[in-house]
Amino acid sequence: MPSMSHPESRNFNQNQKFNGNTTKNDVRDDYFVRKQRIAQQRSSLPIAPVEKRILEEVRKNDTLIIVGETGSGKTTQLPQFLFNGGFGRDGKVIGITQPRRVAAVTVAKRVAEECGVELGQKVGYSIRFEDVTSSSTRIKYMTDGLLLREALLDPSLSRYSVIIVDEAHERTVHTDVLLGLLKNVQNARSRCTNQQIGLEKDNNGVLLDKENNSQCLGLLKSCQGKKLPPLKLIIMSASLDARVFSEYFGGARAVHIQGRQYPVDMLFTHHAEPDYLDATLITIFQIHLEEGPGDILVFLTGQEEIESVERLVQERAQQIPEGSQKILTVPIFSSLPSEQQMQVFRPAPSGFRKVILATNIAETSVTIPGIKYVIDPGLVKARTYNPLTGMESLIIVPTSKAQALQRSGRAGREGPGKCFRLYPESEFGKLLDSTVPEIKRCNLSNVILQLKALGVDDITGFDFMEKPSRMAIVKSLEQLFLLGALTDDYKLSKPVGQQMARLPLDPIYSKSLILASEFNCLEEMLITVAMLSVESIFYAPREKLEEARAARKCFSSPEGDHLTLINVYRASVECLEKSKRANSKDRTTERSLSKWCKENFINNRSLRHARDIHSQIRRHIEQMGLLVASCGDDTLQFRRCLAASFFLNAALKQPDGTYRAFASSQVVQIHPSSVLFRTKSDCIIFNELVRTNHNYIRNITRIDPLWLLELAPQYYATQN
DNA sequence: GAGCACTGC
């Protein structure tokens with residue numbers, strides 16, 4: 001949340017007037033005025049007076065925890081303090097990680113402006129598909145996942161003098177893995193500088209693995225011969241509880257920095273609400289009729305809920321007496337096309353109060369100006385993972401205290417606000433302090449594959465901040481073994497495991513690409529994997545459901561969803577090429593693709609994402625020397641390859657018409673979005689298994705059950 | 001008959 005830390009940069013409407021008649025002097029004045037304004041804003045941030053103290057602490061301590069509340073300025077200012085303190089000398093880089101791409105980009109832009117430099121020079125950012133850095137970059141903002149990938153190439157992170165892990169309290173998988181890794185790197189680098197490596201060698205001069213830490217050993221080897229200064233670590237968190245981080249880093253010092261946030265009045269209900277949607281509705285109108293001006297932000301759990309509340313508000317709004325202020329509802333959730341997402345930033349027309357109906361996208365990812373009231377029913381739709389069944393579930397659960405606090409904070413960004421919590425105060429005390437870290441509720445195959453590639457052989461022995469369950473680790477090791485990524489003794493296999501680790505994909509997709517080069521259908525599989533790796537490609541607004549369905553039918557393949565996705569991708573490429581031939585301008589091409597998407601009910605953002613992934617992965621597999629060939633019209637070959645790749649996700653039709661998944665022997669249903677929803681093929685493979693109202697499988701293709709025996713005998717020959 | 005939120009050399 002970049003904007004949390006520096007309210008100024010959030011101005012979407014920095015109404016800079018560009019006047020055709022500006023003279024050189026105006027421009028220069030403008031420059032000085034802006035420079036002065038920036039200096040003034042910087043010096044008024046709560047972090048400004050403690051610059052010296054923080055620098056001293058960083059010099060004295062290798063690891064520092066900084067707890068900075070909203071609006072403290074830590075994200076933009078600290079890297080500049082460190083740069084001025086000499087941490088960017090000798091070509092060294094100050095790295096700052098963020099959990100989200102937008103954050104990395106917007107903060108980097110702001111800091112470049114503050115420093116008066118061009119973005120990509122002294123200050124830059126690097127996120128997947130976009131590297132805006134150069135050899136002169138000294139302050140580098142990036143996503144935490146990207147730094148993890150960088151570590152595969154440079155295990156001792158030798159370019160960095162300091163790494164700042166921002167928003168650590170969010171505890172994303174990437175943050176958690178990164179913290180463990182950084183701890184090892186820091187350890188190894190300080191041993192490199194403090195002691196001579198000779199101390200660690202046996203009589204034959206071989207490095208000893210005294211601490212049974214294979215990664216550290218590997219790191220020491222990679223430090224050998226290089227003169228690396230110790231790695232400074234700064235963990236920044238917005239949660240008030242610094243203790244967990246401090247303990248994890250051996251009692252590291254913690255510094256608190258005041259935030260800058262307006263007071264928010266907390267209101268609770270007297271009793272528990274039996275129907276929270278009804279309670280939400282009542283509260284919206286209560287605020288609208290009794291409170292002063294200001295927009296309302298409502299936190300709901302999902303699209304369906306948002307759409308139904310939107311209808312109810314609009315119905316009831318007709319009863320508002322003539323002449324009084326009207327209500328404008330605006331929905332926002334991640335799968336909404338971006339043009340519609342943008343509506344939330346538009347100020348309400350005069351005579352209207354804006355009511356924003358949002359999922360938790362509005363908690364951290366999107367900051368909406370003008371909010372004075374927050375309605376929080378105290379619920380969130382959360383993903384959980386059961387390693388035993390390999391099943392993901394999306395269930396509605398109570399928020400944590402930290403989450404409730406984050407939500408209420410959205411009312412106090414521009415002035416004092418009010419937060420209406422739709423549960424009694426006594427219930428608040430019963431909430432979990434913070435959300436369970438993601439690493440404890442996800443499939444670990446990807447994490448384990450990456451750790452193995454980083455030289456961490458003993459996964460259970462790895463120093464996780466919070467260790468995932470043994471079952472989750474064992475299940476993922478087993479899966480990686482079945483995919484051929486690990487050897488009998490659970491070491492990374494060569495070359496398959498190494499190749500899989502290099503690809504920024506779900507391991508099962510990486511494997512499917514390697515197999516596809518043998519089945520001569522890598523071109524098709526590459527498209528499939530890119531399309532499967534993005535959020536939903538199809539978009540069906542409620543009011544145009546029939547049209548959307550008809551549009552989708554044009555792409556449908558009777559074989560299943562995988563070939564359907566390929567059809568969509570190829571049709572979009574054709575549209576692009578046609579437009580390029582007709583008109584060479586990039587912008588027109590982009591516009592005609594966006595028109596094509598609209599006509600065909602395709603989510604433009606998802607499709608662009610798929611194209612980016614496609615080109616990135618294509619570069620990788622070409623470097624690996626895999627053969628990118630097409631199977632042409634021979635879709636049988638492609639489906640055989642799907643069976644060989646996704647054999648772990650096969651399901652058989654039961655006599656009663658339901659399906660049973662092989663691996664977990666659970667009863668599953670075909671998701672209604674699948675092209676195979678109505679047809680009942682005997683045997684299918686699928687890519688996703690999610691429990692919502694039912695156990696749904698998604699992205700499905702029909703196969704011949706005999707292929708499983710033939711193509712995955714290691715799994716099926718022993719199981720009948 | 002239905003889709004929380006992020007992210008990747």
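Order of the sequence lines sets the chain letters (A, B, ...), proteins ahead of strands, with each chain counted from 1.
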Using a cut-off of less than 4.0 Å, is there contact between a side-chain N or O of [X] and OP1 or OP2 of [N]?
X        : N     : result
A/Thr143 : B/dG8 : yes
A/Thr359 : B/dA5 : yes
A/Gln616 : B/dC9 : yes
A/Thr172 : B/dT7 : no
A/Ser673 : B/dG1 : no
A/Arg101 : B/dC6 : no

Quiz prompt | Non-neighbouring partners of A/Arg383 that pass side-chain hydrogen bond (donor to acceptor under 3.5 Å, both in side chains), sequence neighbours left out | solution =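 Once residues adjacent in sequence are excluded, the partners of A/Arg383 under the side-chain hydrogen bond (donor to acceptor under 3.5 Å, both in side chains) criterion are A/Glu392.
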Quiz prompt | Partner residues of A/Arg441 under the side-chain hydrogen bond (donor to acceptor under 3.5 Å, both in side chains) criterion, sequence neighbours left out | solution = none
Exercise. Enumerate the residues from residues 392-401 of chain A whose closest heavy atom to DNA chain B is under 4.0 Å, giving them by residue number; use none for an empty result.
Key: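 Within residues 392-401 of chain A, the residues near DNA chain B are A/Leu394.
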Which nucleotide, [options], lies nearest any side-chain atom of [X]?
X        : options             : answer
A/Ile361 : B/dG8, B/dC6, B/dG3 : B/dC6
A/Arg502 : B/dG3, B/dC9, B/dA5 : B/dC9
A/Ser365 : B/dA2, B/dG8, B/dC6 : B/dC6
A/Arg100 : B/dC4, B/dT7, B/dA2 : B/dT7
A/Pro504 : B/dG3, B/dT7, B/dG8 : B/dG8
A/Phe333 : B/dG1, B/dT7, B/dA5 : B/dA5

[X] versus [Y]: any side-chain heavy-atom pair under 4.5 Å?
X        : Y        : value
A/Ser673 : A/Arg698 : yes
A/Ile439 : A/Val177 : yes
A/Leu146 : A/Leu148 : no

If I take atom [atom1] in residue [X] and atom [atom2] in nucleotide [N], what distance separates them, rounded to the nearest angstrom?
X        : N     : atom1 : atom2 : answer
A/Leu503 : B/dT7 : CG    : P     : 21 Å
A/Arg383 : B/dC4 : CZ    : P     : 11 Å
A/Ile617 : B/dG8 : CD1   : C1'   : 9 Å
A/Ile306 : B/dG3 : CD1   : C1'   : 12 Å
A/Arg605 : B/dT7 : CZ    : C1'   : 14 Å
A/Met624 : B/dC9 : CE    : P     : 13 Å
A/Asp561 : B/dG3 : CG    : C1'   : 14 Å
A/Leu689 : B/dA2 : CG    : P     : 17 Å

Quiz item: Between atom CZ of A/Arg702 and atom NZ of A/Lys653, what is the distance when rounded to the nearest 0.5 Å?
Solution: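 NZ of A/Lys653 is found 12.0 Å from CZ of A/Arg702.
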Quiz item: In terms of the nearest nucleotide of DNA chain B, which residue is placed more toward the 5' end: A/Asn360 or A/Leu152?
Solution: A/Asn360
Quiz item: Has the side chain of A/Arg189 got a donor or acceptor atom that lies under 3.5 Å from a matching backbone atom of A/Leu157?
Solution: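 Yes; judged by distance alone, with no hydrogens or angles, the pair exists.
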What's [X] touching, base or sugar-phosphate or nothing? Going by heavy atoms closer than 4.0 Å.
X        : value
A/Arg678 : base
A/Tyr696 : sugar-phosphate
A/Ser533 : nothing
A/Arg619 : nothing
A/Leu153 : base
A/Asp131 : nothing
A/Thr301 : sugar-phosphate
A/Glu535 : nothing

Quiz item: Relative to the ring of A/His562, is the ring of A/Phe646 parallel (under 30°), tilted (30 to 60°) or perpendicular (over 60°)?
Solution: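 A/Phe646 and A/His562: parallel rings.
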Quiz prompt | Distance-only polar pair, side chains of A/Glu150 and A/Tyr160, donor-acceptor under 3.5 Å | solution =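 There is such a pair between these side chains.
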